[in-house]
Amino acid sequence: MRLSELMAGDQAALKHAQGQDPDITGLTADSRTVKDGYIFAALSGAKDDGSKYIADAIKLGAAAILAKDGTPRPSAPTVPLIPVENPRKRYAQLAARFYGQQPANIAAITGTNGKTSTAIFTEQLWTIMGNMSGSIGTLGIRAAGAKIPGSLTTPDPVALHQGLNEMYEIGVTHVAMEASSHGLDQHRLDGVKVTVAAFTNLSRDHLDYHGSFDKYFAAKARLFSDLLVADGTAVLNADVEQFATLKAMCEKRGLTVMSYGENADDIKLVSAVPDSTGTKLTLLANKGEYKIHLPLMGSFQVMNALAALAIVIASGADIDPAVLALEKLEGVRGRMELVGKTSFGAPVFVDYAHTPDALETVIKAVRPHCKGRIVCVFGAGGDRDTGKRPLMGKVAQDFADIAIITDDNPRSENPATIRAAIKKACDGGIEIGDRADAIKRGIGILQRNDVLIIAGKGHERGQIIGDQVMPFDDASVARSILAGGN
Ligand SMILES: CC(=O)N[C@H]1[C@@H](OP(=O)(O)OP(=O)(O)OC[C@H]2O[C@@H](n3ccc(=O)[nH]c3=O)[C@H](O)[C@@H]2O)O[C@H](CO)[C@@H](O)[C@@H]1O[C@H](C)C(=O)N[C@@H](C)C(=O)N[C@H](CCC(=O)O)C(=O)O
Ligand SMILES: Nc1ncnc2c1ncn2[C@@H]1O[C@H](COP(=O)(O)OP(=O)(O)OP(=O)(O)O)[C@@H](O)[C@H]1O
Ligand SMILES: N[C@H](CCC[C@H](N)C(=O)O)C(=O)O
Ligand SMILES: [Mg+2]
């Protein structure tokens with residue numbers, strides 16, 4: 001594709017190409033992956049500045065450079081430098097144009113907690129209703145039974161549009177994707193035609209990156225103010241504080257709003273009664289009453305399932321079969337997943353709670369199913385929001401009966417320092433750094449009627465220590481201990 005075509009004829013930018021119109025063979029924001037004919041997008045990042053690597057990119061064959069207004073021209077005179085106001089945004093738009101096609105229905109889900117669960121439930125509902133569907137998020141790219149693992153919740157624009165185009169090619173028509181606050185802030189989704197945008201909730205996380213709660217919310221709100229297409233639908237949780245603000249923002253743009261939750265007008269939760277295999281739900285939707293059995297436990301899972309229901313209806317599904325499809329939902333790996341029981345029947349759950357709100361939510365979700373004590377094994381990630389550590393400690397102290405503080409991806413930090421920060425607000429907590437030992441202790445403590453929750457790593461298969469990823473899987477460690485191994 002020629003540069004001029006890729007730039008959609010943007011003459012103001014193209015005049016800087018000084019008459020050249022090279023054939024573009026690919027694009028990247030990492031100089032180390034440039035190949036002959038690529039556009040190199042020189043982006044200023046959290047740790048580094050891509051404009052330092054323009055010369056390296058040219059040596060590797062870059063055919064054009066996309067950079068921030070004011071970036072000095074490269075010394076190689078033959079390579080055009082296209083200055084733009086917002087290179088990250090333009091890079092995402094170019095990636096969308098370069099890869100071409102996207103499935104017609106793309107639902108993007110944002111919120112502190114529940115994105116993965118809602119995305120996977122949405123994918124399941126669409127599939128049950130006969131659509132070719134897929135999802136993109138923390139669990140990777142999934143489509144038509146294939147799974148490609150990824151390291152980011154919202155992939156870089158090139159990986160994202162490559163994935164969307166491949167999905168389109170194989171006939172996928174419906175995609176549910178997670179919009180992380182980092183992804184939104186870094187414009188990773190700015191080339192995606194988002195037809196439905198959903199908001200789950202907002203609580204403390206990632207303040208290391210965003211700096212303040214207001215900025216964190218503003219990043220999430222971009223999905224509704226900037227990215228959702230003009231004839232799209234916003235699916236909003238009516239039970240959270242941000243509902244009124246987001247609703248007003250969407251209505252100002254003339255968008256359709258669909259609400260879900262106890263306070264909702266559209267998908268109204270009338271009652272949720274836990275039973276031994278899930279939750280009995282009564283819903284009011286489209287003026288009709290529905291009574292169904294959701295095979296999932298925990299009020300947060302109910303909310304995520306309702307978000308998914310609203311998304312599929314917003315994307316055109318008939319309401320009756322969509323509600324019935326809820327009865328066939330399957331739990332998501334590492335989200336309140338029952339991984340086994342002790343010989344005397346005490347259940348062990350693996351969950352991905354890695355924020356204070358998520359930890360409180362999952363402990364409270366287990367409470368109605370526990371006649372004895374709740375034991376909770378948890379930690380907090382290194383090189384991530386340090387302020388959430390004591391808050392997580394306090395949650396465990398207040399809501400669990402026995403807290404075991406352990407390591408969760410210490411990354412470059414000293415794990416003992418992370419544990420100490422948690423313990424400050426959880427002085428009754430038992431500190432066991434080695435995660436396998438902590439799980440072993442947690443299982444060992446259990447008595448009849450107790451429940452163990454192993455929180456923080458969910459589906460993860462590794463413990464990140466320094467820059468090494470050591471194989472580690474909470475579920476298999478727990479299963480092996482339950483089976484009498486180590
Ligand atoms: C803080 C953050 O989000 N960083 C992401 C960002 O990197 P960056 O642009 O800030 O990178 P940088 O190191 O400052 O470098 C600036 C630029 O110089 C370029 N460079 C650098 C060196 C070189 O030799 N040549 C070169 O071209 C880099 O490729 C980059 O384009 O853009 C990169 C490409 O998309 C991401 O890989 C990277 O994710 C890092 C690894 C990361 O850990 N991100 C996490 C925090 C994240 O995004 N998490 C969210 C989930 C959060 C949630 O739970 O909600 C996610 O969506 O996964
Ligand atoms: N609707 C919800 N409200 C509160 N907590 C929730 C909700 N949904 C999930 N959780 C908690 O958050 C954990 C992570 O859930 P999930 O993976 O669906 O969230 P996520 O938003 O995708 O997280 P990430 O930011 O890591 O991508 C769950 O294991 C559970 O403890
Ligand atoms: N998407 C989340 C994952 C956290 C998972 C937890 N195990 C940790 O490493 O902190 C984040 O980047 O904050
Ligand atoms: Mg996720």
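Note that these values count all heavy atoms, side chains included, but never hydrogens, waters or copies made by symmetry. Whatever order the structure lists ligands and atoms in, that order sets their numbers, starting from 1. Just so you know, residue 1 is the first one in the sequence shown, and it goes up from there.
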Please state which protein non-hydrogen atom is closest to [atom] and give its distance, to 0.1 Å?
atom: atom 10 (O) of ligand 3; answer: G381 CA, 3.3 Å
atom: atom 31 (O) of ligand 2; answer: D351 OD2, 2.4 Å
atom: atom 5 (C) of ligand 3; answer: E460 OE2, 3.3 Å
atom: atom 6 (C) of ligand 2; answer: N113 CB, 3.4 Å
atom: atom 13 (O) of ligand 3; answer: H206 CE1, 3.3 Å
atom: atom 3 (C) of ligand 3; answer: Y352 OH, 3.2 Å
atom: atom 2 (C) of ligand 3; answer: H354 CE1, 3.7 Å
atom: atom 18 (O) of ligand 2; answer: S117 OG, 2.6 Å
atom: atom 2 (C) of ligand 2; answer: N201 ND2, 3.4 Å
atom: atom 8 (N) of ligand 2; answer: N304 ND2, 2.9 Å
atom: atom 12 (O) of ligand 2; answer: A358 CB, 3.4 Å

Is the shortest N/O to N/O distance between [X] and ligand 1 below 3.5 Å?
X: T153; value: yes
X: S180; value: yes
X: Q186; value: yes
X: G183; value: no
X: H206; value: yes
X: D49; value: no
X: S181; value: no

Less than 4.0 Å from [atom], is there any heavy atom belonging to the protein?
atom: atom 5 (C) of ligand 1; value: yes
atom: atom 13 (O) of ligand 1; value: yes
atom: atom 19 (C) of ligand 1; value: yes
atom: atom 56 (C) of ligand 1; value: yes

Proximal atoms of ligand 3 relative to N409 (non-hydrogen, under 4.0 Å):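 It comes down to these atoms of ligand 3: 7 (N), 8 (C), 9 (O).
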
Residue G456 vicinity, atoms of ligand 3 by number, heavy atom under 4.0 Å: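 Per the distance check, 5 (C), 6 (C), 7 (N).
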
Against ligand 1, does [X] come closer than 4.0 Å with any heavy atom?
X: R188; value: yes
X: K220; value: no
X: K52; value: no

Which of the ligand 1 atoms, numbered from 1, are nearer than 4.0 Å to a heavy atom of A29: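 Under 4.0 Å from A29, ligand 1 has these atoms: 19 (C), 27 (O), 28 (C), 29 (O), 30 (C), 31 (O).
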
Taking every non-hydrogen atom, the tightest pair across P295 and E327: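 Of all heavy-atom pairs spanning P295 and E327, the closest is CG-O, 3.4 Å.
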
Closest non-hydrogen atom pair, D437 against I432: CB-CG2, 3.7 Å

Nearest non-hydrogen atom to [atom] belongs to which of [options]?
atom: atom 12 (O) of ligand 3; options: H182, H459, R384; value: R384
atom: atom 17 (C) of ligand 1; options: T110, T154, L43, D156; value: L43
atom: atom 37 (O) of ligand 1; options: D205, L184, L152, D185; value: L152
atom: atom 7 (N) of ligand 3; options: I418, D408, D205; value: D408

Enclosure of K68 NZ (heavy-atom neighbours >12, cutoff 6.0 Å):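 Atom NZ in K68 is packed in, count exceeds 12.
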
Residue K328 excluded, over 12 heavy atoms near NZ under 6.0 Å: no

Electrostatic pair R88:D190 at N-O distance under 4.0 angstrom: no

Name of the residue among R335, R333, E337 meeting side-chain hydrogen bond (donor to acceptor under 3.5 Å, both in side chains) with H459: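 Running side-chain hydrogen bond (donor to acceptor under 3.5 Å, both in side chains) over R335, R333, E337 with H459 returns exactly one hit, R335.
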
T118 near ligand 2 by a heavy-atom separation under 4.0 Å: no

Test side chain to side chain contact (heavy atoms under 4.5 Å, CB included) applied to F300 and N201, T361, T200, the passing residue: T361

Among T127, L125, V312, side chain to side chain contact (heavy atoms under 4.5 Å, CB included) partner for S133: T127

